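See structure below.
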Amino acid sequence: MIKTEPAYRKALEKLKEDKVFIEKQKKTLQEMGLTGEQVEKALQPAISFHEQLKEEVAYYERIKRGEFDTMINLHQLGKTLIAYRIYTGLSQQELAARLGVSPSQVSRDERNEYYGATLERLQQVMEAMRMVSKTEIQSGDLLLA
């Protein structure tokens, strides 16, 4: 998951580089006499990494616009906290200052997507970002529909 603007810019540059690399490799493999199927099979790992990075870039761009996924039963809460920080334009360093912790602590928390954090800790992070969440209780049967 892309968590900072510099990482986003680096990912965009990597996408450009990967595209050039894949095209160059494709041409080289074709010149070696490989069949289309062999070329595709040889390039599949590079293409898969490229597609995964494209998805991460697209997700980062969505959250920058404030388009968040629905959270069910607090699944993905950590990812949502990170997304909200990015959306508000708050850096990890600024969040750390608001929380009174080191920037490395925020970086660690985000790297682990707040896994294992207490509810009190999560509430502190939300308050530091002036984030408000709304919880709606529904029957589990509605999720199956």
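In this text the structure is predicted, and so the values were computed from the model without any measurement.
- No donor-acceptor pair closer than 3.5 Å links the side chain of Glu51 to the backbone N or O of Ser48.
- Hydrophobic clustering places Val39 together with Phe21 (ILVMFWY residues linked when any side-chain heavy atoms are closer than 4.5 Å, directly or through intermediates).
- Between Ile86 and Tyr60 the shortest heavy-atom distance is CG2-CE1, 3.4 Å.
- In this structure, the side chains of Lys14 and Asp18 come closer than 4.5 Å at one or more pairs of heavy atoms.
- For the side chain to side chain contact (heavy atoms under 4.5 Å, CB included) with Leu99, the qualifying choice from Gln105, Arg121, Met129 is Arg121, the only one to do so.
- Closest approach of Ala11 to Val57, counting heavy atoms only: CB-CG2, 3.8 Å.
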Practice task
Starting from the C-alpha separation in whole Å, work towards a yes-or-no answer on side-chain hydrogen bond (donor to acceptor under 3.5 Å, both in side chains) for Tyr8 and Glu61.
Solution key: CA-CA 9 Å; Tyr8 169 68; Glu61 290 170 345; 2.6 Å; yes
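- Between Tyr84 and Arg130, the shortest heavy-atom distance links the atoms OH-O, 3.8 Å.
- Between Glu56 and Lys3, no side-chain nitrogen of the basic residue sits less than 4.0 Å from a carboxylate oxygen of the acidic one, so the salt-bridge criterion is not met.
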Practice task
List the steps, then state whether side-chain contact (heavy atoms from CB on, under 4.5 Å) holds for Gln123 with Met131.
Solution key: CA-CA 9 Å; Gln123 185 64 40; Met131 178 182 177; over 6 Å; no
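- Considering all non-hydrogen atoms of both residues, Tyr59 and Met1 come closest at CE2-CE, 3.7 Å.
- Between Val106 and Val101 there is a side-chain heavy-atom pair separated by less than 4.5 Å.
- The NZ atom of Lys54 sits 5.0 Å away from the NE2 atom of His50 when rounded to the nearest 0.5 Å.
- Between Arg85 and Gln92, the closest side-chain pair of non-hydrogen atoms falls below 4.5 Å.
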